[in-house]
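Let me begin by presenting the structure, written as structure tokens, before commenting on it.
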Amino acid sequence: MIKKLLKAPAVQWNNKFEQLSERAKDERIKAFYAAAYRHQKRL
């Protein structure tokens, strides 16, 4: 267990946040979630 704690994390956080940032700017993804939000609001 100690070895696991001292090991470098498998997730490369810099890359992960960069990808999430790029996705947040994608108009298709914004439209998809906006449509889902509007649908849920009606229920």
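All values below were derived from every heavy atom in this structure, side-chain atoms included, with hydrogens, water molecules and symmetry-related copies excluded.
There is a path of hydrophobic side-chain contacts, each under 4.5 Å, that joins Leu20 to Val11.
Judged as a side-chain hydrogen bond (donor to acceptor under 3.5 Å, both in side chains), the pairs with a partner in residues 5-18 (not counting sequence neighbours) are, in order, Gln12-Asn15.
A search for salt bridge (charged side-chain N to carboxylate O under 4.0 Å, His left out) contacts involving Glu27 returns Lys30, not counting sequence neighbours.
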